[in-house]
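Below is one structure, written out as structure tokens, with a few remarks after it.
Order of the sequence lines sets the chain letters (A, B, ...), proteins ahead of strands, with each chain counted from 1. In this text the structure is predicted, and so the values were computed from the model without any measurement.
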Amino acid sequence: VIMGPNSPTISKRTAKRNRQVDLLLAGISPRSAGALTQIWAGLRPVIMIAPALAVMGLLFILPLLKAIELSISSPAGFTFSWYERFFHSAYLWDLCFTIGISFATAAICALVSIPIAFIMVRDFRGKAVANILILFPLVVPHLIGAYALWLSMARSGPVFGLMNNLGILSTAPDLVSDWRGLLIALVWKHFPITALTITAALANIDRTLIEAAQDLGAGWSTRMREIIFPLLMPGVLSGAILVFVMAAAQFSITLVVYSGSRITTIPLGIYHETFGLKNWEFGSALGIGLTAVTLVILGVFTATIRRVYREALDA
Amino acid sequence: MLSSVPVLAVLVTLGSFVLVPVAILLLYSFSGQWNYPSLVPDRFTTEWYSYLFKYEQGLSSLFLSTHLAILSTFVTATIGVPVGYVLARYRFQGRTLIEMVFLAKNTVPVIVVGVGTASVFVRWGLYDTYAGILLAHVVGALPIMVWNSSAAFQSIDPALEEAARDAGAGFSRVFIEISLPLAKRGILAGCILAFLASMDEFTITFLISGANYTTLPLRLYSTLQQGYIEPASASAMILLLPSVLFLIISMKYLDLSDVSAGVRKGA
């Protein structure tokens, strides 16, 4: 007969001992045996996350819901007209431009980071300095990085002055308020992300696979093509998608190096509509539209990475 | 084995791409006169820095940004580190949802959140207030702090905490005397990233502050818009100091793994 702690046939002392044994078996030390203490222990993680979750709820989720609500509201009530207007305005081109320049930024960041990663996985003199060079744009405030590049790309600035002196370039291209200038600034700020992820992916490749291929007579290019690149691709793509999302959301860099141009990016358009023209509903529709497009691309891309990764594992 | 010539070529290209713009910024901040096409200014001066420190508005912006960054780092660490611990140690229902909230922050463009924030802040009376700006800075840095401290707690062997618990130490004693000291590098790195995020925060502050509160990045932007290149360069160099200090600290005391979780998942 199994007797519960509340059974009247056993003494209080035995009941207490039984409960302690039960708790010990359940992995809970007898010190925390009281029912209140147990409830407290269960509540502890809730209390630990509650303040942060409240802050996220009030200052991230609520504003996001507010933007969604604004984007579907009009004086007459519910409406989709702001989204219709989005798809029938020049902002559709701006959306294409935003996606295009972010895609180009991600691709260039990934491409320049591959040789960097091959260098950074090895040990060499001055590696600490190289590490700092890579981390530097990441920690420089966005506004300052953008401003420094804006100064450097100015037609009458010292960079083109030097090129002119050396006879490399006779007429300087106008990079300020041009898509090429924006692309350079976005790559400057974001390549550390791909450099870090691709270096980590390369460092994680099992050396014995490469050695085995070498033993089987695979040359340098075969090893690269058949072993290293397939295994590196998930790292390259996940770094690139991170850069894509960040570039598509970029506001401050674009504001400094790209303002005044006719075709603009959606984040600049949102600012122009809300704070410039006081059309908060339309500005919010632009924002929610951009978020939705970014999330869809992110989802498709992540699914592709998973598939590529699984193929790499199967191979 | 790659030869060292291409390695050197890649590193020199990387170095000049990264450093030349900042070098030009530095030169502009000391430039008294700079005529095209000189490589360096024709006359050097420190007047832009003394201008920044003498000019009352510049000084108040510097002061505002500094104590906002300190206070928001403190608040972010106080509420964010416990979340990092819970995510590292507990398995419970709704955990994925909580992770999603902290991950979703960097998939939504900050300007979209900013527009929503400005709109609710007007209604709550937080528009252009210190508390409102502080909250915005906290929410900006919170995911970085959560992911960085979570990674730091995860790297601690749970057996150490269990041993302390078996020896009779209560939860808070184990947390304060065992877990926190062992995770201190990751948490410190998270604090530095949170401080830098506050110094960097422009977009939301730009949307939720009016005439009363002008942080250093906002001051820099307005100086820029007025076309004062040299004074703007000087305040940009001041704003750059914490980042440079961070790099020095990270080179001496931290390594890349201490910051990678926060940078990858929260920045």
Side-chain angles (χ1 to χ4, degrees), chain A residues 29 31 44-45 48-49 51-53 55-56 59-60 62-64 66-67 70 115-116 119 124 128 130-133 135-144 147-149 151-152 156-158 161-162 164-165 188 196 245 249 251-252 267 270-271 274 280 283-284 287-288 290-291 294-295 298, chain B residues 7 10-11 14-15 17-18 20-22 24-25 28 36-39 79-80 82-83 85-86 90 92 98 101 105-113 115-117 119-120 135-136 138-139 142 146 165 168 171 196 199-200 202-203 217 220-221 224 232 236 239-240 243 246-247 251 256 260 263:
Chain A
S29 84
R31 276 192 82 239
R44 206 181 274 131
M48 286 173 86
I49 50 180
L53 217 54
V55 167
M56 290 302 275
L59 288 126
F60 169 60
L62 205 69
L64 192 58
K66 181 69 193 173
L70 278 171
I116 295 174
I119 292 173
F124 57 90
N131 248 329
I132 285 188
L133 283 180
L135 276 180
F136 190 64
L138 204 61
V139 298
V140 170
H142 287 79
L143 210 59
I144 295 174
Y147 178 45
L149 281 148
L151 282 176
S152 317
S156 56
L162 177 69
N164 205 355
N165 275 355
W188 190 88
L196 291 178
V245 171
F251 176 72
S252 44
I270 296 167
Y271 175 67
T274 52
W280 288 70
S284 301
I288 299 302
L290 175 67
T291 311
T294 316
L295 284 179
L298 179 68
Chain B
V7 171
V10 170
L11 290 178
L14 175 73
F17 180 57
V18 167
V20 162
V22 182
I24 289 172
L25 186 70
Y28 265 112
Y36 181 84
S38 306
L39 194 56
I79 67 176
V83 181
Y85 186 77
V86 170
Y90 289 83
F92 52 92
I98 289 164
V101 170
K105 182 69 176 52
N106 63 2
T107 59
V108 179
V110 70
I111 180 98
V112 180
V113 181
V115 164
T117 308
S119 158
V120 295
L135 281 171
V138 167
V139 88
L142 199 51
V146 165
R165 220 165 284 146
F171 176 85
L196 294 182
M199 287 300 234
D200 189 1
F202 171 76
T203 309
L220 170 61
Y221 180 66
L224 247 173
L239 199 48
L240 192 58
S243 308
F246 163 67
L247 279 182
M251 191 171 72
L256 278 183
S260 71
V263 168

Side-chain heavy-atom pair L247(B), L135(A) within 4.5 angstrom cut-off: yes
Backbone of T203(B) reached by a side-chain donor or acceptor of S252(A) within 3.5 Å: no
Nearest-0.5 Å distance that lies between atom OH in Y85(B) and atom CE in M48(A): 7.0 Å
Most contacts with chain B, counted as non-hydrogen pairs under 4.5 angstrom, among I288(A), V140(A), L70(A): V140(A)
Among the listed options L11(B), V108(B), V146(B), V120(B), the residue most often paired with chain A at heavy-atom distances under 4.5 Å: V108(B)
T274(A) portion near chain B, given a 4.5 angstrom heavy-atom threshold: side chain
Segment of I270(A) engaging chain B (4.5 angstrom heavy-atom cut-off): side chain
Option that, when pairs with chain A are counted at under 4.5 Å, heavy atom only, ranks first among V110(B), L25(B), V20(B): L25(B)
Between CD1 on residue I49(A) and OH on residue Y90(B), distance to nearest 0.5 Å: 10.5 Å
Smallest separation among heavy atoms of V113(B) and P63(A), with atom names: O-CB, 3.7 Å
Residue part contacting chain A, namely of L142(B), when any heavy atom lies under 4.5 Å: side chain
V245(A) portion near chain B, given a 4.5 angstrom heavy-atom threshold: side chain
Over all atoms of both residues, closest heavy-atom pair of Y271(A) and I111(B): CB-CD1, 4.1 Å
Residue L133(A) versus chain B: region with a heavy atom under 4.5 Å: both
Y147(A) side, atom OH; L220(B) side, atom CG - distance, nearest 0.5 Å: 7.0 Å
Residue part contacting chain A, namely of V138(B), when any heavy atom lies under 4.5 Å: side chain
Heavy-atom pairs under 4.5 Å with chain A, option from G15(B), S119(B), G80(B), A136(B) with the top count: S119(B)
Minimum side-chain heavy-atom gap F171(B)-R44(A) below 4.5 Å: yes
Heavy-atom pair of closest approach, residues M56(A) and V101(B): CE-O, 3.7 Å
Part of L290(A) within contact of chain B (heavy atom distance under 4.5 Å): side chain
Residue L196(B) versus chain A: region with a heavy atom under 4.5 Å: side chain
Residue, of P137(A), P115(A), S152(A), A130(A), that accumulates the most heavy atom pairs under 4.5 Å with chain B: S152(A)
Heavy-atom pair with the smallest gap, counting every atom of L143(A) and D200(B): N-OD1, 4.4 Å
Residue I132(A) versus chain B: region with a heavy atom under 4.5 Å: both
Interface residue of largest heavy-atom contact number with chain B, from L298(A), V139(A), L53(A), under 4.5 Å: V139(A)
Shortest non-hydrogen contact between S284(A) and V115(B), atoms and distance: OG-CG1, 3.9 Å
Engaged part of L135(B) at the chain A interface, taking heavy atoms whose separation is under 4.5 Å: both
Contacting moiety of F17(B), where chain A heavy atoms sit under 4.5 Å: both
Close side-chain approach of P141(A) and L240(B), heavy atoms under 4.5 Å: yes
